[in-house]
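Beneath this line is the structure, given in structure tokens, with notes to follow.
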Amino acid sequence: MPQTVFKDKKGLTLVEVLISLLVTLILFLALMQSVLLSVNMNNRNQLRDEAVNVAEERMRELRSLDFDNADLADTGGAAVADGTVTRNFRNFTTPFTFNRTRAIDNLGAGVMTIAVTVSYMNIRDNTCSGTTNECTTDGDCSSGQTCGSTHTINSILRDSD
């Protein structure tokens, strides 16, 4: 019985298949890295949005008070502790704590400025603002820096009387 010999070599060799699989693997690893980066950035943005919500809620509370309320006492622009707010965030088992401070400066003639600042720890990189130092409390950071991130909302309040 005669043997049939194929003269055209249209098939792939094992080496060609392995090289194509290796290139595909490298592409998938690069895509996975970009997916992880986007998930991390999404978490950071949502955490920042939650901090903005906490600051806005407190600012609304302060703006709704009477002008001579004790919570609106002049602090000379110095930050005063204004409590903490704890919120559950996505699938994290530990709730996030947002530390609030307020600074009120009475400008006279029934006008004052209010600044509400919210500070919070970052999700993964617990570093001092503006540096790469590791931190667990603000005391680990240089003066003027906070452990994690901050968001500040400013407003001017006028006496309606």
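Looking only at side-chain heavy atoms (C-beta outward), Ser149 and Tyr120 come within less than 4.5 Å of each other. At least one side-chain heavy atom of Phe98 sits under 4.5 Å from a side-chain heavy atom of Leu47. Annotation: side chain of Arg158 is in contact with side chain of Val111 (closest heavy-atom distance under 4.5 Å). Within the 4.5 Å cutoff, side-chain heavy atoms of Leu62 are placed close to those of Val116. Considering only heavy atoms from C-beta on, His151 comes within 4.5 Å of Ile153 through its side chain. Between Leu25 and Leu21 the shortest side-chain heavy-atom distance does not fall below 4.5 Å.
In terms of heavy atoms, Ala115 sits closest to Asn154 at CB-OD1, 3.1 Å. Residues Asn69 and Leu65 come closest through the heavy atom pair ND2-CD2, 3.7 Å.
Placement of Leu107 and Ile156 within a single hydrophobic cluster is found when ILVMFWY residues are connected by side-chain heavy-atom separations under 4.5 Å, directly or transitively. Cluster annotation: Met59 is not connected to Val52 through the hydrophobic network of ILVMFWY side chains, with a link wherever side-chain heavy atoms come within less than 4.5 Å.
Using a 4.0 Å cut-off between charged side-chain N and carboxylate O, Arg100 and Glu56 make no salt bridge.
The structure places CZ of Arg48 at 10.5 Å from CD of Gln46, a figure rounded to the nearest 0.5 Å. Between atom CE of residue Met112 and atom OG of residue Ser155 there is a gap of 11.0 Å, rounded to the nearest 0.5 Å. Atom CG in Leu72 sits 10.5 Å away from atom OG1 in Thr75 (nearest 0.5 Å).
In this structure a side-chain-to-backbone donor-acceptor pair under 3.5 Å is present from Glu16 to Thr13.
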Criterion side chain to side chain contact (heavy atoms under 4.5 Å, CB included) on Val118 and Asn99, from CA distance to verdict:
CA-CA 6 Å; Val118 176; Asn99 298 314; over 6 Å; no

N/O donor-acceptor pairs under 3.5 Å from side chains in residues 31-38, not counting sequence neighbours:
| unit_1 | atom_1 | unit_2 | atom_2 | d |
| --- | --- | --- | --- | --- |
| Ser34 | OG | Leu31 | O | 2.7 |
| Ser38 | OG | Ser34 | O | 3.4 |
| Ser38 | OG | Val35 | O | 2.8 |

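Side-chain polar atoms of Thr117 and Thr152 form a donor-acceptor pair below 3.5 angstrom.
Pairs of residues two or more places apart, or lying in two chains, that qualify as side-chain hydrogen bond (donor to acceptor under 3.5 Å, both in side chains) and include a residue from residues 101-113 are Asp82-Arg102.
Atom CZ of Arg87 is surrounded by more than 12 heavy atoms from other residues, nucleotides or ligands within 6.0 Å.
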